[in-house]
K.L.:
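Structure in structure tokens, see below.
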Amino acid sequence: MNDTAPDDIEILSLPISLKEEAFSLGKGIAEEVHNKVKTYSTFAIERASLRLLGVKGANEEGVPWVNIFIDKCAREGKLSRGALFTLGEVIISNGKTLQEAVEGVATGAIDLGTIFPQDEKKVKELMTSLVSRSIEDLLGMRRKRQEMIDSLTPGEKPLLYVIVASGNIYEDVKQAKSAAMMGADIIAVIRTTAQSLLDYIPYGITTEGFGGTVATQENFALMRKALDEVSLKLGRYIRLVNYCSGLAMPEIATLGALEGLDIMVNDAIYGILFRDINSTRTLTDQEFSRRILSLAGITIVTGEDNLIKTVDAKEMAHTVTASQLINHHLALLSGLPPRLIGMGHAFEMDPSEEDSFLNELAQAWLVRELFPQSPIKYMPPTRFMTGDIFRGMVLNAAFNLIGVMTKQEILLLGMPTEAMHTPYVQDRFLSLENALYFRKAAKSLMGEFRLREDSLMRKRAIEVLNNGVEVLREIKGVGLFEALAQGSFAEIKRPLKGGRGLEGVFAKARDYFNPFLNILPGTIISRGTNYGD
Amino acid sequence: MNDTAPDDIEILSLPISLKEEAFSLGKGIAEEVHNKVKTYSTFAIERASLRLLGVKGANEEGVPWVNIFIDKCAREGKLSRGALFTLGEVIISNGKTLQEAVEGVATGAIDLGTIFPQDEKKVKELMTSLVSRSIEDLLGMRRKRQEMIDSLTPGEKPLLYVIVASGNIYEDVKQAKSAAMMGADIIAVIRTTAQSLLDYIPYGITTEGFGGTVATQENFALMRKALDEVSLKLGRYIRLVNYCSGLAMPEIATLGALEGLDIMVNDAIYGILFRDINSTRTLTDQEFSRRILSLAGITIVTGEDNLIKTVDAKEMAHTVTASQLINHHLALLSGLPPRLIGMGHAFEMDPSEEDSFLNELAQAWLVRELFPQSPIKYMPPTRFMTGDIFRGMVLNAAFNLIGVMTKQEILLLGMPTEAMHTPYVQDRFLSLENALYFRKAAKSLMGEFRLREDSLMRKRAIEVLNNGVEVLREIKGVGLFEALAQGSFAEIKRPLKGGRGLEGVFAKARDYFNPFLNILPGTIISRGTNYGD
Amino acid sequence: MEIKPYGDTLNDGAVQISFSLPLPLSTRGKKAARELVIKMGIMDPRIVFSRDLGEGFSFYIVYGNLIHSVESEILGEDIEEEVTLDYWEINRLIEEKIGRKLVIVGATIGSDAHTVGIDAILNAKGFAGDVGLERYPSFTVHNLGSQVPPETLLEKVMDYKADVILVSQVVTQKNSHIHNLTQLVELVEGSALRDKVIMICGGPYISRELALEIGYDAGFGPHTLPAQVASFIVKRIMEDYQEGIKGCVRGERMKGRTRRVKWKNW
Amino acid sequence: MEIKPYGDTLNDGAVQISFSLPLPLSTRGKKAARELVIKMGIMDPRIVFSRDLGEGFSFYIVYGNLIHSVESEILGEDIEEEVTLDYWEINRLIEEKIGRKLVIVGATIGSDAHTVGIDAILNAKGFAGDVGLERYPSFTVHNLGSQVPPETLLEKVMDYKADVILVSQVVTQKNSHIHNLTQLVELVEGSALRDKVIMICGGPYISRELALEIGYDAGFGPHTLPAQVASFIVKRIMEDYQEGIKGCVRGERMKGRTRRVKWKNW
Ligand code: B12
Ligand code: B12
Ligand SMILES: Cc1ncc(COP(=O)(O)O)c(C=O)c1O
Ligand SMILES: Cc1ncc(COP(=O)(O)O)c(C=O)c1O
């Protein structure tokens, strides 16, 4: 996101000491995780590093070259030192280009087992220069995109976010353009069901998906091009979103950076809880991913909404707060500046309960005030949506009003047909006109109010924060990994050694080599700074 | 309405001197009108007096006996002394019952021209005792109804008001019961188009109407019975509404009293502006009508919403305020206690304008704070409703939220199909679920806020009140009748001697006799007190 | 090419339907709802919501895929919107070609009391930023207001020697608008004035087609701007004027019009 | 008696329809919309709202009166809701008549990750105030969670010697639910276990009819309460038990069931 969030929105008067404790607990938990995961690398991180250098493509069965290359490295015991080192050796010994070297190894034309060890210094110099060049390229692309953004109007706040999910990228493109013309500021292409579980990036332009469209580099490019066209036509910049989670998280981050995405839904905890991905694997992947996203200036948005889609949103609201505080600090540690850390939450309390509107409003204000410099991504009612599309419009109206009133910066618009199917083309129109009404008609509402001394909303917000701190204390006691194993979130238990993808994690050897780690933003590595901020 | 309105709702901090000026101007204007109209009677008042005594029925062509009787009195020059006096003479000279006497005259069996003058004292005694008895009967009915109300739960605030308008009273009954079961608290039977213009009350149970159902005593009774049944079934009292305006206004008031209506839409200014009824005629009728309604404990609701359905609601908001201040004082002068004076207004600003939601909210708070002891009847968006029923649900949601947030006591629910037709049976359901959501989910919202010092809403409310006072000053200068002639309201000009029904107005002779005037509530007549308050 | 409704994929035929039935919510009610929707041509109806409304009524929301389609060929060519002349052009044309002010009489007839629509066309203030006909120097406008009986309107038309009648009708219950509008045409025809005046009706439920069918020269629906009406008046009068000179007769659809070649003879 | 939709008068046939077309908003688009709606049996369609959606799409909201009706005779009798036994009754019956705990295995299969629905049935906490099957002393519940491949589920069924399989399916895109559910039935049948277990599926788009059609013993849709499922299980097992003794065979619709008379033989 391109400007700082408002800070004139204080209304809750949260106790300062409570806030401070919350932040310090979040920081402590995050640091412990961070210190652990930086001792690991993963197959996905190695593949992403290759992709960052520009390696592309797949074999005839659609298996990406990078996957075959990394698997071979692993099999030959050539991974713990870092795939880039091995790659450097191949390039030098075979006198090939990057892409040729990777493909050569993958097809078997080059046999890793027979590669002579090369001069370590020469290999490192070569790879460091390649890495530098790729970073320059990425920064160049980022600058170019920023120029385009600056040449257009940024769109009013809150930005209106809608999804396309037809499964067919060509239909998606038409629907996305239609949505932009009707007022959408942000288009998210929903991924096909369970793409999280794929330990690779599918290849090519795709027209079949279930509940979403396959995330591929080629589909990203197609959609980006379409949105750039429509941005220029409208004079308003249209942002593109995809999901950066699952087993291929770092690679997706890379593709996002390469293909000019603006926002990525990025949350290891989602993968752990809802996709049963191993916690060490995905938190390690996430650290690297966020450094890439930071370099590319891509805003992340977190997935706390998922928690309260599974357990009761009123009762468990504090777990959202706790998770946000951890997530936020993890992101800071990975080099993301606050303005690129979008905090996710949702309007998911039972609407038939007395004063549910007040509780939602309190929660929205709480998130807003806890993270004044970050964009907030506010997700609409979904669980309590039914086939009654008319009532759906009403719940979405309540959601939109709260979004505008509390200056959530990104409103993911609810669709009247949420309980039935991914959106029809007219559903987006109906949702946009709903949100556009409130964005304009209630534009100045947020500057109007103070809360009364005995405000129920203030009481509620403080209670939630209090309970959140309680949970954070517990997590701090045992560490995040153990807390996940005990079921601290969404009542789901994920043991340290369980879940998918653990086999793809390896401890970095003492001589592990990956120049990206030195150059990508991130607080731990000395050279890491926040580019362009 | 049966309990006092809230007074803990002050939020605007209106300047006290401005409020005082507004009220004193309203009072002054109303008193001038009142002093004028009490020198007149009208055919309709005379007919209403007969109906109050219990006269019923119509001839074979459906012309009510009371109309024929009064017309004959007028033709024979026997009206300026009061129809009740003439009736007394007929009864005494012919030894008939009331009903027989009226029918006799009407059919021509009794010739008014040949009636001998009777002893004035005897006539007056007879008629006064008949009037007293009828008042006793009315008070008895009122007590009985109150007992029923007290035996049931009153319904939550705001009360939810929906209309039925099929044209067929039997369909209306089914739809009204359905609405009550789905949560409606108040049922209004919309009248057939232009019934205002009928200078009589149609007779009988009717099944044909245009955009509404004919208001007849028989239809009132049928609906009342149905609603009583459903009230008992639900344990919640369901209120019945009809329109008390137009040429037959005092008779409709009478029927409302006789048939147990709870609320009547009652506004002479509506008739003057939108039905071109003569101002003297209908303001005179209104004075008498309101005294009947006061006796019967029927809540009136005024029709200021109509003003901003004709001219721009934002620009002309102050004319609503001005009209309310006049209307309120007229009602007080006719003996209505504040809690029976429902002030009408509406959510009718252009929703595509920036901050229209704030302006609506400011207006709703203004009305609420100006009349803290009166119920407010808040009318929904209609002008800017379109065939887009989904957007309609959203505008109605905004309206409902404001209604709840500002404690309007009566919410007339907007229908998604407002731009097309009178409600379908499912439209009421959709509107009720919309309002029921906000009534519960935002129940405590109104106690939450204060306005900031620099609040735009406060500024707007004060501006509206200021402009309203300005208009009141002008009206005070020329008097209400002249102001109406000059087009002070809705840009419509209605000259003093123009419009329908002037021929039915007559100056009361020095010996004008109508004991109801002495016994009905009202501030001018010494014996008038507010019954049952 | 066959055209079908579009949900999220070409030719998926996705439609949404809602209605109530005079049956309580029950297996019978749902079956009736499903049967009706199948008769409408929905292949695989999904009743996504149903609700008992009390008193023997129930409500249904259904989604499904339509089997019907339309041949794109039968849709014909897109009819271009008539070009609307602007305020200046209209006044100039009238001044130059007609050389006198045109007299317009407007009213809402019958018991209909809705004036906002006709006022939007006539009042100087106009509608949506477009000035009303009163503001045009080349028109003399008589706005009679609402609830005008057709007979009264006719009298005024004669009194003022009107060139154009503008009638508004908003209330349509029991087709009262058709009834009132037809009555007016008949009155005008009965008094042999039909070929002397342009008759235009308007209102939210009025369409051009309907207006022509019941004998008007034009009909204007929702969102009409005053300039569109003024523009139509001028163009029509210019045409009539030409035709008057040529004395020629045009086809069917111009029925009302061809008889009005003598319009200048008031 | 003929049943028609009801707006505000018996047999007015009032219905509301909305859909988009892959045409820009134009006279052609509107004509196509009107033609389609006429094909659906709407007598006098009123396009009350239309909107261009960009990229060659347009949206329509239509009201009108349906010519179709259904004969009330064909609707048959109202099917009474099955009586749901309560928690105490269910436990008592199992204890008395079966004399051991029933073993239940539950999962969301395929790539579907929605667990809230199956958890609502299984977790002790239950749904809408009704306790879940884990809370019943007479059930032993194994909740395998989501994304369970049908093969894995089958293995677990054998490991645990389950009496009942509960499967949830929420994602229905490209009919993936039917695909997954059918695959499971085939696997179970393939391993000759079909007559040993009761197979029940559920989810927001599952109906009893669908479930029976694809070979399950029951299917439960939206708003299902745990007690309804428990109640079905007990009743069915009691019946099977009776039948096992009598060895009789019932009709078509009970296909899956009649083979399961040997259920006690695990
Ligand atoms: C405002 C309003 C009123 C006001 C009218 C104030 C006034 N001075 O006009 C009041 C409150 C008095 C009123 C009363 C009633 N109303 Co009313 N009213 C409306 C409302 C909310 C808006 C109409 C409006 O002003 N639209 C804005 C104008 C600018 O739009 P328009 O009329 O379409 O005009 C445009 C075009 O159509 C065209 N046009 C219109 N006329 C003409 C004429 C010519 C010659 C041309 C060229 C163009 C043209 O140009 C205009 C500008 O673009 C509508 C609902 C709605 N949202 O549409 C109901 C509505 C029209 N009313 C309705 C009814 C039933 C009534 C009553 C009869 C109810 C009753 N039984 O008491 C009463 C009685 C009035 C009567 N007898 O006519 C119904 C009509 C149903 C139907 N289809 O028959 C509606 C649809 C509401 C509903 N859902 O029930 N009403
Ligand atoms: C919560 C939710 C999620 C959560 C799930 C969390 C979790 N732990 O389960 C999260 C955020 C993870 C999620 C993700 C996705 N979701 Co989702 N999700 C929903 C949502 C909002 C609510 C579902 C829910 O929990 N309902 C509440 C429960 C209690 O109701 P229920 O499932 O109907 O269960 C009841 C009955 O059906 C029955 N029942 C259910 N199962 C069983 C089993 C048995 C044996 C029995 C007897 C009874 C029974 O009993 C239950 C109690 O009464 C719906 C939309 C909606 N409002 O329905 C979308 C929805 C189901 N999701 C959808 C989609 C597409 C997805 C994704 C695939 C999107 C994507 N591409 O990323 C992802 C991926 C998940 C995947 N692969 O499955 C679509 C499905 C469209 C379709 N028809 O195929 C929906 C309809 C949203 C939409 N409009 O697009 N989702
Ligand atoms: C954080 C996050 N990541 C990813 C996804 C995408 O789902 P999948 O796991 O099917 O790719 C979601 C969907 O809700 C999400 O919230
Ligand atoms: C105050 C008032 N009286 C009466 C009516 C009823 O209309 P009619 O004049 O058609 O009886 C209305 C309708 O809006 C009204 O607002």
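Per chain, numbering begins at 1; letters A, B, ... match sequence-line order. Being a predicted model, the structure only gives us computed values, none of them experimental.
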K.L.:
Using a heavy-atom distance cut-off of less than 4.5 Å, which residues of residues 393-404 of chain B contact chain A?
P.N.:
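Only B:M393, B:V394, B:L395, B:A397, B:A398, B:L401 of residues 393-404 of chain B have a heavy atom under 4.5 Å from chain A.
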
K.L.:
Can you tell me if NZ on A:K19 sees more than 12 non-hydrogen neighbours from other groups inside 6.0 Å?
P.N.:
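Yes - once you tally the heavy atoms of other residues, nucleotides and ligands closer than 6.0 Å, there are more than 12.
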
K.L.:
Throw together a table of side-chain donor-acceptor distances under 3.5 angstrom for residues 455-465 of chain B, partners on residues two or more places apart or in other chains.
P.N.:
residue	atom	partner	partner atom	Å
B:S455	OG	A:E448	OE1	2.7
B:S455	OG	B:M457	N	3.1
B:S455	OG	B:R458	N	3.0
B:R458	NE	B:L12	O	2.7
B:R458	NH1	B:R452	O	3.3
B:R458	NH2	B:I11	O	3.3
B:R460	NH2	B:K314	O	2.8

K.L.:
Quick check on the structure: residues of residues 379-392 of chain A within a heavy-atom distance below 4.5 Å of chain B, by number.
P.N.:
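Counting heavy atoms that sit under 4.5 Å from chain B, the residues of residues 379-392 of chain A involved are A:D388, A:I389, A:F390, A:R391.
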
K.L.:
Test salt bridge (charged side-chain N to carboxylate O under 4.0 Å, His left out) on A:R450 and B:E453 and set out the steps.
P.N.:
CA-CA 9 Å; A:R450 300 193 179 292; B:E453 292 60 48; 3.1 Å; yes

K.L.:
Taking it one step at a time, do A:L445 and B:D355 satisfy side-chain contact (heavy atoms from CB on, under 4.5 Å)?
P.N.:
CA-CA 8 Å; A:L445 196 60; B:D355 283 334; over 6 Å; no

K.L.:
Can you list the residues of residues 422-442 of chain B that sit under 4.5 Å from chain A, counting heavy atoms only?
P.N.:
B:F429, B:L430, B:E433, B:N434, B:Y437, B:F438, B:K440, B:A441, B:A442

